[in-house]
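Here is the structure we will look at, set down as C-alpha cells.
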Amino acid sequence: QVQLVESGGGLVQAGGSLRLSCAASGRTFSRLDMGWFRQAPGKEREFVAAISWSGGNTYYADSVKGRFRISRDNVKSTAYLQMNNLKPEDTAVYYCAARAAQTGRVTPNEYDVWGQGTQVTVSS
C-alpha cells in the first residue's frame with residue numbers, strides 16, 4: 001500500500017507562489033499516476049491537476065490552467081504542484097492522490113490513495 005505525505009502549504013498574499021510536495025512510499029512510484037485535489041470550507045473536493053506515471057501527460061482544471069504546474073521526480077518518489085499567481089479563491093486544503101498507472105491520457109478519476117492534506121491560505 002502506498003503512503004502519501006504532503007508538505008509546502010502555508011499563508012501567502014494574492015499574486016504570490018507556493019510549491020506543494022507529495023512524498024510517496026510503500027510502492028513503486030513510477031507505476032502510479034498522481035493527482036492533486038483541493039477542498040475549500042463548505043465545498044466539495046475538486047480536481048486540480050494530474051500527471052501520468054511517466055510525467056509525459058498532464059491535465060488541469062480550467063480554474064488553474066496557466067497558473068499551476070504539476071510535475072514529478074520518479075527518482076525521489078515525489079510529486080509537485082507549483083502554484084503561481086495565487087488568488088483568494090485558491091484557499092483550500094490540498095490533497096495529493098494516487099492511482100495505479102493507466103494507459104491513455106491521465107484523467108481526474110479513480111484515485112484511491114490519499115494524503116492527509118496541507119492547508120493553503122491566500123490573503124487578499
Side-chain angles (χ1 to χ4, degrees):
Q1 179 73 345
V2 62
Q3 292 83 42
L4 305 174
V5 178
E6 302 97 332
S7 61
L11 173 65
V12 64
Q13 289 188 335
S17 298
L18 283 175
R19 188 177 80 155
L20 305 183
S21 298
C22 174
S25 62
R27 189 171 172 182
T28 303
F29 186 68
S30 60
R31 296 180 181 176
L32 300 171
D33 293 336
M34 300 297 296
W36 286 95
F37 296 75
R38 66 187 182 186
Q39 187 167 19
K43 295 187 177 181
E44 293 187 353
R45 187 168 59 194
E46 65 174 1
F47 168 76
V48 176
I51 188 166
S52 61
W53 63 274
S54 66
N57 182 215
T58 58
Y59 184 71
Y60 295 92
D62 288 343
S63 59
V64 305
K65 203 172 294 184
R67 299 188 298 123
F68 291 10
R69 188 173 75 89
I70 189 170
S71 62
R72 65 189 295 157
D73 184 332
N74 284 354
V75 174
K76 295 182 178 180
S77 297
T78 302
Y80 303 96
L81 185 68
Q82 177 68 43
M83 305 185 295
N84 299 324
N85 190 23
L86 282 160
K87 305 175 181 180
E89 52 264 43
D90 294 318
T91 294
V93 177
Y94 282 71
Y95 297 91
C96 174
R99 70 180 192 187
Q102 299 183 11
T103 57
R105 294 190 63 83
V106 69
T107 67
N109 307 310
E110 300 177 41
Y111 290 85
D112 56 0
V113 179
W114 298 83
Q116 84 288 351
T118 185
Q119 176 71 46
V120 171
T121 302
V122 184
S123 63
S124 57

Side-chain heavy atoms under 4.5 angstrom apart, residues restricted to Ile, Leu, Val, Met, Phe, Trp, Tyr: same cluster for [X] and [Y]?
X    : Y   : result
L86  : F37 : no
L4   : V48 : yes
Y111 : F29 : no

Q. When rounded to the nearest 0.5 angstrom, what distance separates OG in S30 from CZ in R72?
A.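 One finds 7.5 Å between OG of S30 and CZ of R72.
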Between the OG atom in S71 and the CE atom in M34, the distance rounded to the nearest 0.5 Å is 11.0 Å
All salt bridge (Lys or Arg N to Asp or Glu O under 4.0 Å) counterparts of E46, not counting sequence neighbours: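 E46 satisfies salt bridge (Lys or Arg N to Asp or Glu O under 4.0 Å) with R38 only.
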Is the backbone of [Y] close enough, under 3.5 Å, to the side chain of [X] for a donor and an acceptor to pair up by distance?
X    : Y    : value
Q102 : V106 : no
T118 : G9   : yes
S54  : G56  : yes
T91  : V122 : yes
D33  : W53  : yes

Just so I know, are the side chains of [X] and [Y] near enough to count as touching, which here means a heavy-atom distance under 4.5 Å?
X    : Y    : result
W114 : E6   : no
W36  : V64  : no
R19  : Y80  : yes
I51  : N57  : no
M83  : V120 : yes
Y95  : V93  : yes

Residues 105-124 vs salt bridge (charged side-chain N to carboxylate O under 4.0 Å, His left out), sequence neighbours excluded, gives none
Thinking salt bridges, do K87 and D90 make one under a 4.0 Å N-O criterion? no
Take R99 and T107 through the test side-chain hydrogen bond (donor to acceptor under 3.5 Å, both in side chains) and record every step on the way to the result.
-> CA-CA 10 Å; R99 70 180 192 187; T107 67; 2.8 Å; yes
_Atom CZ of R69: over 12 foreign heavy atoms under 6.0 Å_ =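 Counting neighbours around CZ of R69, 12 or fewer heavy atoms of other residues, nucleotides or ligands fall under 6.0 Å, so no.
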Counting neighbours of NZ on K65 that are heavy atoms of other residues, nucleotides or ligands and sit closer than 6.0 Å, is the number greater than 12? yes
_Could you report the tightest heavy-atom contact between K76 and T78, atom names first, then the distance?_
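Looks like O-OG1, 2.9 Å.
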| task | Identify the heavy atoms of S124 and A14 that sit nearest to each other, and give their distance. | result |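 Scanning both residues completely, I find the closest heavy atoms to be CA-CB, 4.3 Å.
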In short, disulfide bond (SG atoms under 2.5 Å apart) pairs touching residues 67-117 with sequence neighbours left out are C22-C96
> Mind checking what makes side-chain hydrogen bond (donor to acceptor under 3.5 Å, both in side chains) contact with R31, not counting sequence neighbours?
Replying inline: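 Testing R31 for side-chain hydrogen bond (donor to acceptor under 3.5 Å, both in side chains), a comparison that skips the adjacent residues, returns none.
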Residues passing the side-chain hydrogen bond (donor to acceptor under 3.5 Å, both in side chains) test with Q82, sequence neighbours excluded, are N84
Run the side chain to side chain contact (heavy atoms under 4.5 Å, CB included) check on F47 and Y59 step by step: do they pass? CA-CA 10 Å; F47 168 76; Y59 184 71; 3.4 Å; yes
Those residues at least two apart in sequence (or on a different chain) that pass side-chain contact (heavy atoms from CB on, under 4.5 Å) with E44 are none
